[in-house]
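Structure first, commentary second.
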2 protein chains.
Amino acid sequence: MATIKEKGQINEATCEQERLAINDTLELLGGKWRLRIMRYLGSREQEHNTFKKMQREIGNISAKVLANELADLEQNMLITRTVMDSRPVTVRYAISTYGKTVLPLTENIAQWGLDHRKMIRS
Amino acid sequence: MATIKEKGQINEATCEQERLAINDTLELLGGKWRLRIMRYLGSREQEHNTFKKMQREIGNISAKVLANELADLEQNMLITRTVMDSRPVTVRYAISTYGKTVLPLTENIAQWGLDHRKMIRS
DNA sequence: AGACCCAGTTACCCACAGGTAAGTCATACC
DNA sequence: GGTATGACTTACCTGTGGGTAACTGGGTCT
(Lines give C-alpha, C1' and ligand atoms only; values in the text may rest on other atoms or scores of the structure.)
Protein backbone atom coordinates (compact mmCIF):
# COMPACT_ATOMS: atom_id res chain seq x y z
CA MET A 1 0.00 0.00 0.00
CA ALA A 2 1.12 3.57 -0.67
CA THR A 3 1.84 5.29 2.56
CA ILE A 4 0.18 8.67 2.74
CA LYS A 5 1.89 11.38 4.72
CA GLU A 6 0.08 13.87 6.91
CA LYS A 7 -0.38 16.45 4.17
CA GLY A 8 -1.76 13.95 1.71
CA GLN A 9 1.45 13.61 -0.27
CA ILE A 10 2.61 10.26 -1.49
CA ASN A 11 5.78 8.78 -0.11
CA GLU A 12 8.09 8.94 -3.13
CA ALA A 13 10.37 6.08 -2.18
CA THR A 14 7.50 3.70 -1.56
CA CYS A 15 5.88 4.80 -4.77
CA GLU A 16 9.03 4.02 -6.74
CA GLN A 17 9.31 0.65 -5.01
CA GLU A 18 5.78 -0.16 -6.04
CA ARG A 19 6.42 0.91 -9.61
CA LEU A 20 9.30 -1.52 -9.82
CA ALA A 21 7.20 -4.21 -8.18
CA ILE A 22 4.48 -3.73 -10.75
CA ASN A 23 7.04 -3.96 -13.53
CA ASP A 24 8.34 -7.18 -12.01
CA THR A 25 4.88 -8.67 -11.85
CA LEU A 26 3.95 -7.70 -15.38
CA GLU A 27 7.26 -8.97 -16.69
CA LEU A 28 6.75 -12.30 -15.00
CA LEU A 29 3.03 -12.79 -15.50
CA GLY A 30 2.25 -10.53 -18.46
CA GLY A 31 2.34 -11.74 -22.03
CA LYS A 32 -0.03 -13.96 -23.85
CA TRP A 33 0.41 -17.27 -22.07
CA ARG A 34 1.75 -17.03 -18.53
CA LEU A 35 -1.44 -16.44 -16.62
CA ARG A 36 -3.20 -18.96 -18.74
CA ILE A 37 -0.63 -21.60 -17.91
CA MET A 38 -0.79 -20.79 -14.22
CA ARG A 39 -4.55 -21.07 -14.21
CA TYR A 40 -4.38 -24.28 -16.19
CA LEU A 41 -2.04 -25.89 -13.70
CA GLY A 42 -3.90 -24.37 -10.78
CA SER A 43 -7.13 -26.02 -11.82
CA ARG A 44 -5.58 -29.44 -12.49
CA GLU A 45 -3.43 -30.11 -9.51
CA GLN A 46 -4.46 -33.71 -9.19
CA GLU A 47 -3.82 -34.46 -12.86
CA HIS A 48 -0.64 -35.58 -14.55
CA ASN A 49 0.15 -32.57 -16.70
CA THR A 50 2.72 -33.47 -19.30
CA PHE A 51 4.18 -31.25 -21.96
CA LYS A 52 2.15 -32.76 -24.77
CA LYS A 53 -1.05 -32.76 -22.76
CA MET A 54 -0.66 -29.10 -22.01
CA GLN A 55 0.14 -28.30 -25.60
CA ARG A 56 -3.03 -30.07 -26.68
CA GLU A 57 -5.32 -28.62 -24.05
CA ILE A 58 -4.11 -25.07 -23.78
CA GLY A 59 -5.12 -23.21 -26.95
CA ASN A 60 -2.74 -23.05 -29.91
CA ILE A 61 0.55 -22.73 -28.15
CA SER A 62 3.62 -23.90 -30.04
CA ALA A 63 6.19 -26.22 -28.51
CA LYS A 64 8.81 -23.51 -28.61
CA VAL A 65 6.74 -20.96 -26.75
CA LEU A 66 5.40 -23.44 -24.23
CA ALA A 67 8.90 -24.69 -23.44
CA ASN A 68 10.03 -21.13 -22.99
CA GLU A 69 7.20 -20.09 -20.70
CA LEU A 70 7.50 -23.22 -18.59
CA ALA A 71 11.23 -22.73 -18.15
CA ASP A 72 10.68 -19.16 -17.04
CA LEU A 73 7.92 -20.02 -14.63
CA GLU A 74 10.00 -22.81 -13.18
CA GLN A 75 12.98 -20.55 -12.68
CA ASN A 76 10.73 -18.24 -10.74
CA MET A 77 9.53 -21.06 -8.53
CA LEU A 78 5.94 -20.76 -9.65
CA ILE A 79 5.79 -24.28 -11.04
CA THR A 80 7.67 -27.53 -10.59
CA ARG A 81 9.07 -29.82 -13.25
CA THR A 82 9.46 -33.53 -12.58
CA VAL A 83 10.88 -36.03 -15.02
CA MET A 84 8.96 -39.29 -14.59
CA ASP A 85 10.54 -42.64 -15.34
CA SER A 86 7.78 -43.77 -17.66
CA ARG A 87 8.33 -44.98 -21.21
CA PRO A 88 8.54 -42.87 -23.17
CA VAL A 89 9.87 -40.41 -20.63
CA THR A 90 7.24 -37.85 -19.70
CA VAL A 91 7.64 -34.69 -17.70
CA ARG A 92 5.13 -33.62 -15.11
CA TYR A 93 4.46 -29.98 -14.54
CA ALA A 94 2.59 -28.76 -11.48
CA ILE A 95 1.84 -25.50 -9.77
CA SER A 96 3.99 -24.96 -6.68
CA THR A 97 2.70 -23.92 -3.29
CA TYR A 98 4.20 -20.54 -3.96
CA GLY A 99 2.68 -20.48 -7.43
CA LYS A 100 -0.74 -20.72 -5.88
CA THR A 101 -0.29 -17.24 -4.48
CA VAL A 102 -0.81 -15.82 -7.95
CA LEU A 103 -4.23 -17.41 -8.31
CA PRO A 104 -6.08 -14.83 -6.21
CA LEU A 105 -4.47 -12.21 -8.40
CA THR A 106 -5.80 -13.84 -11.54
CA GLU A 107 -9.25 -13.95 -9.96
CA ASN A 108 -9.10 -10.23 -9.30
CA ILE A 109 -7.97 -9.54 -12.82
CA ALA A 110 -10.67 -11.78 -14.24
CA GLN A 111 -13.34 -10.21 -12.07
CA TRP A 112 -12.37 -6.72 -13.09
CA GLY A 113 -12.46 -7.76 -16.74
CA LEU A 114 -15.94 -9.25 -16.33
CA ASP A 115 -17.21 -6.13 -14.60
CA HIS A 116 -15.62 -4.00 -17.28
CA ARG A 117 -17.48 -5.83 -20.04
CA LYS A 118 -20.79 -5.21 -18.32
CA MET A 119 -19.80 -1.60 -17.69
CA ILE A 120 -18.88 -0.93 -21.31
CA ARG A 121 -22.08 -2.46 -22.63
CA SER A 122 -24.23 0.01 -20.70
CA MET B 1 -14.44 -17.04 -9.13
CA ALA B 2 -14.32 -20.36 -10.92
CA THR B 3 -17.32 -22.41 -9.98
CA ILE B 4 -16.38 -25.88 -8.86
CA LYS B 5 -18.81 -28.69 -9.56
CA GLU B 6 -19.50 -31.55 -7.19
CA LYS B 7 -16.79 -33.78 -8.56
CA GLY B 8 -14.15 -31.10 -8.41
CA GLN B 9 -14.23 -30.32 -12.08
CA ILE B 10 -14.05 -26.79 -13.33
CA ASN B 11 -17.02 -25.29 -15.09
CA GLU B 12 -15.75 -24.94 -18.64
CA ALA B 13 -17.99 -22.09 -19.71
CA THR B 14 -17.11 -19.97 -16.71
CA CYS B 15 -13.47 -20.79 -17.21
CA GLU B 16 -13.59 -19.58 -20.80
CA GLN B 17 -15.42 -16.43 -19.74
CA GLU B 18 -12.69 -15.71 -17.25
CA ARG B 19 -9.99 -16.31 -19.81
CA LEU B 20 -11.54 -13.71 -22.05
CA ALA B 21 -11.96 -11.35 -19.14
CA ILE B 22 -8.29 -11.70 -18.29
CA ASN B 23 -7.38 -10.98 -21.89
CA ASP B 24 -9.55 -7.89 -21.79
CA THR B 25 -7.92 -6.64 -18.65
CA LEU B 26 -4.41 -7.25 -19.87
CA GLU B 27 -5.17 -5.63 -23.19
CA LEU B 28 -6.51 -2.55 -21.48
CA LEU B 29 -4.09 -2.25 -18.58
CA GLY B 30 -1.06 -4.20 -19.76
CA GLY B 31 1.80 -2.61 -21.62
CA LYS B 32 4.49 -0.36 -20.33
CA TRP B 33 2.58 2.75 -19.35
CA ARG B 34 -1.11 2.21 -18.62
CA LEU B 35 -0.96 1.19 -14.98
CA ARG B 36 1.64 3.82 -14.35
CA ILE B 37 -0.61 6.51 -15.76
CA MET B 38 -3.56 5.28 -13.74
CA ARG B 39 -1.55 5.32 -10.56
CA TYR B 40 -0.16 8.73 -11.37
CA LEU B 41 -3.62 10.21 -11.83
CA GLY B 42 -4.97 8.24 -8.91
CA SER B 43 -2.45 9.79 -6.54
CA ARG B 44 -2.93 13.35 -7.80
CA GLU B 45 -6.63 13.84 -7.94
CA GLN B 46 -6.55 17.32 -6.50
CA GLU B 47 -3.86 18.50 -8.89
CA HIS B 48 -4.20 20.03 -12.32
CA ASN B 49 -2.67 17.31 -14.47
CA THR B 50 -1.91 18.67 -17.90
CA PHE B 51 -0.35 16.83 -20.81
CA LYS B 52 3.03 18.52 -20.41
CA LYS B 53 3.07 18.09 -16.66
CA MET B 54 2.44 14.40 -17.03
CA GLN B 55 5.06 14.06 -19.70
CA ARG B 56 7.59 15.73 -17.41
CA GLU B 57 6.69 13.84 -14.26
CA ILE B 58 6.02 10.37 -15.55
CA GLY B 59 9.33 8.82 -16.61
CA ASN B 60 10.53 9.15 -20.19
CA ILE B 61 7.31 8.86 -22.04
CA SER B 62 7.16 10.42 -25.50
CA ALA B 63 4.34 12.73 -26.57
CA LYS B 64 3.18 10.24 -29.13
CA VAL B 65 2.87 7.37 -26.73
CA LEU B 66 1.35 9.45 -23.95
CA ALA B 67 -1.29 10.83 -26.32
CA ASN B 68 -2.07 7.33 -27.45
CA GLU B 69 -2.40 5.87 -23.99
CA LEU B 70 -4.51 8.74 -22.73
CA ALA B 71 -6.89 8.46 -25.68
CA ASP B 72 -7.31 4.77 -25.06
CA LEU B 73 -7.87 5.15 -21.35
CA GLU B 74 -10.38 7.91 -22.00
CA GLN B 75 -12.28 5.80 -24.50
CA ASN B 76 -12.57 3.14 -21.85
CA MET B 77 -13.95 5.63 -19.34
CA LEU B 78 -11.04 5.21 -16.97
CA ILE B 79 -9.98 8.84 -17.16
CA THR B 80 -11.56 12.14 -18.11
CA ARG B 81 -10.22 14.81 -20.43
CA THR B 82 -11.20 18.43 -19.97
CA VAL B 83 -10.07 21.29 -22.19
CA MET B 84 -9.57 24.35 -20.00
CA ASP B 85 -9.96 27.86 -21.37
CA SER B 86 -6.57 29.05 -20.20
CA ARG B 87 -3.96 30.63 -22.45
CA PRO B 88 -2.31 28.74 -23.93
CA VAL B 89 -5.03 26.13 -23.89
CA THR B 90 -4.29 23.35 -21.43
CA VAL B 91 -6.00 20.03 -21.04
CA ARG B 92 -6.74 18.54 -17.68
CA TYR B 93 -6.64 14.79 -17.24
CA ALA B 94 -8.14 13.13 -14.20
CA ILE B 95 -8.99 9.65 -13.04
CA SER B 96 -12.71 8.89 -13.26
CA THR B 97 -14.80 7.39 -10.51
CA TYR B 98 -14.85 4.22 -12.51
CA GLY B 99 -11.12 4.45 -13.09
CA LYS B 100 -10.57 4.30 -9.36
CA THR B 101 -11.80 0.71 -9.39
CA VAL B 102 -8.50 -0.36 -10.97
CA LEU B 103 -6.45 1.06 -8.10
CA PRO B 104 -7.04 -1.88 -5.74
CA LEU B 105 -5.91 -4.11 -8.58
CA THR B 106 -2.66 -2.21 -8.94
CA GLU B 107 -2.12 -2.51 -5.21
CA ASN B 108 -2.52 -6.27 -5.41
CA ILE B 109 -0.14 -6.48 -8.32
CA ALA B 110 2.37 -4.26 -6.58
CA GLN B 111 2.09 -6.22 -3.35
CA TRP B 112 2.65 -9.49 -5.13
CA GLY B 113 5.68 -8.06 -6.88
CA LEU B 114 7.15 -6.85 -3.59
CA ASP B 115 6.59 -10.22 -1.95
CA HIS B 116 8.10 -11.93 -4.96
CA ARG B 117 11.30 -9.91 -4.69
CA LYS B 118 11.72 -10.92 -1.07
CA MET B 119 10.87 -14.51 -1.98
CA ILE B 120 13.44 -14.70 -4.76
CA ARG B 121 16.20 -13.24 -2.64
CA SER B 122 15.94 -16.01 -0.09
C1' DA C 1 14.54 -51.94 -39.85
C1' DG C 2 10.86 -48.68 -39.98
C1' DA C 3 7.22 -46.11 -37.74
C1' DC C 4 5.64 -43.75 -33.67
C1' DC C 5 5.78 -41.16 -29.25
C1' DC C 6 7.49 -37.60 -25.93
C1' DA C 7 10.09 -33.50 -24.90
C1' DG C 8 12.03 -30.42 -26.40
C1' DT C 9 15.51 -27.39 -29.86
C1' DT C 10 16.89 -24.59 -33.87
C1' DA C 11 16.38 -21.51 -37.62
C1' DC C 12 13.73 -18.33 -39.73
C1' DC C 13 10.04 -14.78 -40.07
C1' DC C 14 6.83 -11.06 -39.05
C1' DA C 15 3.66 -7.69 -36.74
C1' DC C 16 3.48 -4.36 -33.68
C1' DA C 17 4.49 -1.86 -29.21
C1' DG C 18 7.05 1.64 -28.33
C1' DG C 19 10.97 5.10 -29.31
C1' DT C 20 12.96 9.53 -31.88
C1' DA C 21 12.68 13.70 -34.20
C1' DA C 22 10.46 17.03 -36.37
C1' DG C 23 6.27 19.50 -37.68
C1' DT C 24 1.54 21.71 -37.01
C1' DC C 25 -1.86 24.86 -34.99
C1' DA C 26 -3.42 28.32 -31.95
C1' DT C 27 -2.35 31.93 -28.81
C1' DA C 28 0.49 35.22 -26.35
C1' DC C 29 4.36 37.92 -25.08
C1' DC C 30 8.38 41.13 -26.35
C1' DG D 1 7.90 39.83 -36.86
C1' DG D 2 10.13 36.42 -34.07
C1' DT D 3 10.02 33.36 -30.35
C1' DA D 4 7.75 30.53 -26.87
C1' DT D 5 4.41 27.34 -24.93
C1' DG D 6 0.82 23.60 -24.78
C1' DA D 7 -1.09 19.79 -27.07
C1' DC D 8 -0.72 17.03 -30.02
C1' DT D 9 0.53 14.64 -35.15
C1' DT D 10 3.27 12.56 -38.59
C1' DA D 11 6.89 9.93 -40.53
C1' DC D 12 10.21 6.83 -39.69
C1' DC D 13 12.87 3.13 -37.24
C1' DT D 14 13.88 -0.85 -34.14
C1' DG D 15 13.54 -4.78 -30.71
C1' DT D 16 11.21 -8.49 -29.44
C1' DG D 17 7.22 -11.42 -28.33
C1' DG D 18 5.42 -14.74 -30.47
C1' DG D 19 4.42 -17.85 -34.73
C1' DT D 20 5.82 -21.85 -38.18
C1' DA D 21 8.23 -25.71 -39.61
C1' DA D 22 11.50 -28.86 -39.37
C1' DC D 23 14.81 -31.43 -36.71
C1' DT D 24 17.22 -34.04 -32.65
C1' DG D 25 17.51 -37.72 -29.27
C1' DG D 26 15.98 -41.37 -26.67
C1' DG D 27 12.86 -44.91 -26.14
C1' DT D 28 9.04 -48.60 -27.64
C1' DC D 29 6.29 -51.47 -30.67
C1' DT D 30 5.76 -54.74 -34.65
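Proteins come first, then strands; the chains are lettered A, B, ... in the order of their sequence lines, and each starts at number 1. Values below: all heavy atoms of this structure, side chains included; hydrogens, waters and symmetry mates excluded.
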T101(B) OG1 to Q111(A) CD distance, which is reported to the nearest 0.5 Å: 11.5 Å
Side chain to side chain, I79(B) and L70(B), heavy atoms closer than 4.5 Å: yes
- request: Using heavy atoms and a sub-4.0 Å distance, could you list which residues of residues 61-76 of chain B are near DNA chain C? By number, please.
  value: S62(B), K64(B), V65(B), E69(B)
- request: Using side-chain hydrogen bond (donor to acceptor under 3.5 Å, both in side chains) as the criterion, list what pairs up with Q55(B), not counting sequence neighbours.
  value: none
Pairs where residues 23-34 of chain B contributes a residue and the test side chain to side chain donor-acceptor pair (under 3.5 Å) is met, not counting sequence neighbours: R117(A)-D24(B), R34(B)-E69(B), R34(B)-D72(B)
query: Is the number of heavy atoms from other residues, nucleotides or ligands within 6.0 Å of CE (M77(B)) greater than 12?
result: no
- line: Between CZ of R56(B) and P of dT5(D) the distance, given in whole Å, is 10 Å
field: Residue pairs, two or more places apart or on separate chains, that pass side chain to side chain donor-acceptor pair (under 3.5 Å) and touch residues 88-100 of chain A
entry: E45(A)-K100(A), S86(A)-T90(A), Y98(A)-H116(B)
statement: In numerical order, the residues of residues 88-95 of chain B whose heavy atoms come under 4.0 Å of DNA chain D are P88(B), V89(B), T90(B), V91(B), Y93(B)
field: Short N-O contact, R39(B) and E107(B), less than 4.0 angstrom
entry: yes
message: At a heavy-atom distance below 4.0 Å, what parts of residues 26-37 of chain A sit against DNA chain D?
response: G31(A), K32(A), W33(A)
task: Note every stem involving DNA chain C: at least three consecutive Watson-Crick or G-U wobble pairs, i with j then i+1 with j-1, with both distances under 3.5 Å.
output: C:1-30 with D:1-30
- request: Give, for atom CG of L78(A) and atom CE of M38(A), the distance between the pair rounded to the nearest 0.5 Å.
  value: 4.5 Å
For N68(B), side-chain hydrogen bond (donor to acceptor under 3.5 Å, both in side chains) partners two or more places apart: none
Nucleic acid contacts - residues 48-55 of chain A versus DNA chain C, non-hydrogen atoms under 4.0 Å: T50(A), F51(A), K52(A)
field: For T80(A), all residues meeting side-chain hydrogen bond (donor to acceptor under 3.5 Å, both in side chains), sequence neighbours excluded
entry: none
field: Straight-line distance of I37(A) CD1 to I61(A) CD1, nearest 0.5 Å
entry: 4.5 Å
query: Which atom pair, heavy atoms only, marks the closest approach of N49(B) to R44(B)?
result: ND2-O, 3.0 Å
- request: Using the heavy-atom set of chain B and a strict 4.0 Å cut-off, write down the first and last nucleotide of DNA chain C that makes it in, 5' to 3'.
  value: dG18(C) to dA28(C)
- prompt: Of all residues at least two apart in sequence or in a different chain, which pass the side-chain hydrogen bond (donor to acceptor under 3.5 Å, both in side chains) check with E74(B)?
  reply: none
message: Please give me the minimum heavy-atom distance between L114(A) and Q17(B), naming the atom from each residue.
response: CD2-O, 4.1 Å
- prompt: Out of curiosity, does I120(B) fall in the hydrophobic cluster containing L105(A) (side-chain heavy atoms, cut-off under 4.5 Å, transitive links)?
  reply: yes
- request: Please round to the nearest 0.5 Å and tell me the distance separating atom CG of L29(A) and atom OG1 of T106(A).
  value: 9.5 Å
- request: With rounding to the nearest 0.5 Å, note down the distance linking CG in L73(A) to CG in L41(A).
  value: 8.5 Å
